Amino acid sequence: MEKLEARFYRSLYRIRRVEEEVARVYPTDKIKSPVHLSIGQEAVSVGVCEALQKEDVVFGTYRGHAFYLAKGGDLRRMAAELYGKATGCTKGKGGSMHLVDVSVGVMGASAVVATTIPQAVGYAFAMKVRKENRVVVSFFGDGAIEEGAFHESANFAALRQIPVIFICENNLYAVHTPIRDRQPPVPIYRRLEGYGIPAERIENNNVDKLYERVKAAADEMRRTHSGPRFFECMTYRWKEHVGPNEDFQAGYRGRNEAEPWFENDPVRRMGEKLEAGVRKEIERKVDSEIREAFDFAEQSPFPSDEQLYTDLLAGA
Amino acid sequence: MDRTITYADALLEATDLEMTRDPAVFVFGIGVPDFKGLYGTTRGLLQKYGPDRVFDTPLSEDGLTGMAIGAALAGMRPIHVHIRMDFVILALNQIVNVAAKSRYMYGGTVKVPLVIRMIIGRSWGQGAQHSQAIHSFFMHCPGLKVVAPSTPHDAKGCLIESIRDDNPVMFVEHRLLHYQKGPVPDGVYTVPFGKARVLTQGTDITVVGISYMAVECLRAQRSLQEVGIGAEVIDPISLSPLDMDTIAESVKKTGRMLVVDTAWTACGASAEIAARVVERLGGSHKLQVQRMGYAPVNCPTTKNLENLFYPNGQTIASTAYSMVHDNKKTWSPTYVEAPEIVQFKGPF
Ligand SMILES: Cc1ncc(C[n+]2csc(CCOP(=O)(O)OP(=O)(O)O)c2C)c(N)n1
């Protein structure tokens, strides 16, 4: 068995490098679609998805590169999707904001905040009814907590003891608005008490801790079909809300606020735990995989005109 | 004195003037006071009017719409802004069940002077959930007014009219219109609802363009002119109430109408306009009516399919040409992508 650290590092490094590559390509206009990068937030997807099994499923948001890759989504098809190519994971119909790979349990994402939370609950409900030993994870941001759909979903999940793991990626901002301007000063996880949903906060982009806690929760759910769990994962977005650049000059947040997060970079720290040789080898393989995937995207054809009308209704 | 300013600046100016004039006016929505100020349309207002009158909100479209309705019932004049029209779908219950109905259900004892600004989000692979235009949902409901101006002049006048209106007004803006420049008078003026604007005169065909499609229809009109076809382009501006007099008068003259919407055609604004023209003129006039709009699918993100999804100057011109030739001849001008689309670069 490969060491956990190596697995974590491969996944962390891969997501970071893929997104750096997206940021590098973006100004060439080859990706003609909005991209929401997770650079700085990779630890959440990695900690959670490494704790899951292939047949478990995840639902997420438009900031989806990280959980798509962490859960085992196909990198070539993701790159092609960003380029709008026919070989993309949704054939150019979803783009960066709607990455899907049903074969590995990436059940998709919505561009409308909080919309996939109830779907995750519904999917988990179906599993519970069929007594399947699978687990569903719902990823969303701190902003989603403000939507009615979140509370309606949490209420129902608690009421019916539905085995869903809610993962709130609290990066402290919704677009440019800090959380203090959007929510009362009670930590998010504490508010779940009202629904009787066990909830805790994982500080500081801590991959190991998150992995351990989510794994324990998922294993218990599989064993006992127990009810929902909630994790508030404290993390930080390094780039602008949408697009490839930094935006500390815009004035809504200062670079000084970001410094501790830069210093505590989970990708670098995980790499430092590995032997240099092992680390280099992981990096070499990932780098060549990325090169190959972006080449594949470049060289793939665009969808044909008729593709505009395909896939609308089943059975058509 | 007319200056040339952008549609976005015209909206900002309208809001600013009305906020100065009437302390009951306040503006709010996700991103309203941030440094981007919703494409500049709310920039600087917070500094000028303070956080009671200009504010950001939690991500709670449904609740905040209800809040605005309550404030309107109490005599305020809220402007609720949505950076994407798609997000307004979360608030349909409040808009349809409460805003549209309160005055009627209260036997005329209250009013709901609420403006909901909604931006249609075309360009740069916005995808299925960021490209919708749902103005026809609102046209469907009595008790709501719906406007979709296409020029900076009308944007300013219409927004001032909307703010002063004692009813809920759904104010539709297209992302690509925000860049359009045009002459805009200084100071306060209004553009009345229920009055369409004839943008060009012509005797061969009436082309009705809704919102941004008015711009594409004007492009089509220019190429049609080169092949000897005179198109009368009409911008309805106000969709509810709808100025059928102006449209029907034009169709009486041309005998042909092409309605182009920046939305799906099924059950849409174009269907409504076509039906009303037929109801008015059908039987007594020789009529040819056609509709154009989004392809009847969800909006894809890839550029080549996205281009097919939307009507454009070329497809509008070739459709109009065929209509004028009783569908016996086809022609198409060369495709020239609209400069506002070419110039558009992500991210946004
Ligand atoms: C219902 C809805 N309202 C508004 C928006 C516009 N919007 C896009 S992302 C975003 C911020 C979401 O913040 P958060 O949930 O914390 O996620 P993050 O982007 O920080 O990952 C907003 C307001 C939207 N997409 N959907």
Side-chain angles (χ1 to χ4, degrees), chain A residues 26-27 29 31-36 62 81-86 88 90-98 110-115 141-150 174-177 181-183 240-245 247 250-252 302-305 307-313, chain B residues 29-38 51 55-66 82-91 93-94 121 123-132 294-310 341-342 344-348:
Chain A
Y26 206 69
D29 285 0
I31 298 173
K32 289 191 169 68
S33 182
V35 292
H36 300 74
Y62 50 86
E81 186 59 37
L82 266 54
Y83 277 70
K85 299 297 180 76
T90 60
K91 308 174 206 163
K93 288 173 172 168
S96 159
M97 295 202 288
H98 311 100
S110 172
V112 183
V113 173
T115 359
D142 44 293
I145 298 291
E146 295 148 30
E147 293 285 1
F150 168 72
V175 191
H176 310 126
T177 313
D181 291 350
R182 298 180 285 116
Q183 297 179 23
E240 58 195 335
H241 165 69
V242 51
N245 306 307
D247 66 350
Y252 73 96
F302 284 104
S304 64
D305 289 2
Q307 293 277 313
L308 178 62
Y309 294 95
T310 55
D311 302 318
L312 184 65
L313 291 169
Chain B
I30 297 170
V32 161
D34 78 10
F35 67 95
K36 292 195 176 172
L38 296 166
F55 53 92
D56 216 325
T57 75
L59 278 64
S60 312
E61 290 81 357
D62 187 17
L64 268 295
T65 303
H82 298 271
I83 197 164
R84 290 285 180 289
M85 201 168 182
D86 315 70
F87 309 150
V88 179
I89 296 172
L90 276 72
N93 174 51
Q94 289 294 336
S123 217
W124 260 71
Q126 289 291 291
Q129 295 172 329
H130 272 27
S131 307
Q132 296 166 102
Y294 294 170
V297 292
N298 300 312
C299 184
T301 45
T302 190
K303 176 83 172 162
N304 70 317
L305 298 188
E306 192 187 42
N307 283 350
L308 293 174
F309 178 80
Y310 293 103
I341 297 177
V342 176
F344 194 93
K345 293 281 174 280
F348 74 111

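Letters A, B, ... mirror the listed sequences (proteins, then strands); counts begin at 1. The structure displayed is predicted, hence computed values, not measured ones.
Atoms CZ and CD1, from A/R182 and B/I30 in turn, are 9.5 Å apart once rounded to the nearest 0.5 Å. Here B/L90 contributes atom CG and A/T115 contributes atom OG1; the two are 7.0 Å apart, rounded to the nearest 0.5 Å. To the nearest 0.5 angstrom, B/L64 atom CG is 9.5 Å from A/E146 atom CD. Here A/D305 contributes atom CG and B/N304 contributes atom CG; the two are 6.5 Å apart, rounded to the nearest 0.5 Å. Atom-to-atom distance recorded for A/F302:CZ and B/T302:OG1 is 5.5 Å, nearest 0.5 angstrom. A distance of 8.5 Å separates CG in B/D62 from CD in A/E147, rounded to the nearest 0.5 Å.
Side-chain contact between B/D56 and A/D181 is absent, with no heavy-atom pair separated by less than 4.5 Å. Side-chain atoms of B/N298 and A/K93, non-hydrogen and from C-beta on, never get closer than 4.5 Å to each other.
Looking at B/E306, there are no atoms closer than 4.5 Å to chain A (heavy atoms on both sides), in backbone or side chain. Looking at A/Q183, there are no atoms closer than 4.5 Å to chain B (heavy atoms on both sides), in backbone or side chain. Heavy atoms of A/S96 lying under 4.5 Å from chain B are absent altogether. Of the two parts of B/P33, neither the backbone nor the side chain holds a non-hydrogen atom closer than 4.5 Å to a non-hydrogen atom of chain A. A/H98 touches chain B through its side chain: at least one heavy atom from C-beta onward sits under 4.5 Å away, while N, CA, C and O do not. Using a 4.5 Å cut-off between heavy atoms, B/I89 does not touch chain A at all. Of the atoms belonging to A/I31, it is backbone heavy atoms, and not side-chain ones, that fall under 4.5 Å from chain B. Using a 4.5 Å cut-off between heavy atoms, A/L312 touches chain B through its side chain atoms alone.
The two atoms that bring B/G125 and A/P34 nearest to each other are O-CD, 3.2 Å, heavy atoms only. Annotation for A/G92 and B/T301: closest pair O-OG1, 2.8 Å, computed over non-hydrogen atoms. Nearest heavy-atom pair across A/Y309 and B/A295 is OH-CB, 3.5 Å. The nearest pair of heavy atoms linking B/L59 to A/A174 is CD1-CB, 3.9 Å.
Among A/G95, A/A144, A/P244, the residue making the largest number of heavy-atom pairs under 4.5 Å with chain B is A/G95. In terms of heavy-atom pairs under 4.5 angstrom with chain B, the leader among A/V112, A/V113, A/V175, A/T90 is A/V112.
Note: A/H176 and B/F35 have tilted aromatic rings, judged against thresholds of 30 and 60 degrees for the angle between ring planes.
Heavy atoms from other residues, nucleotides or ligands lying under 6.0 Å from NZ of A/K91 number 12 at most.
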Can B/Q129 and A/M97 be said to form a side chain to side chain contact (heavy atoms under 4.5 Å, CB included), step by step?
CA-CA 10 Å; B/Q129 295 172 329; A/M97 295 202 288; over 6 Å; no
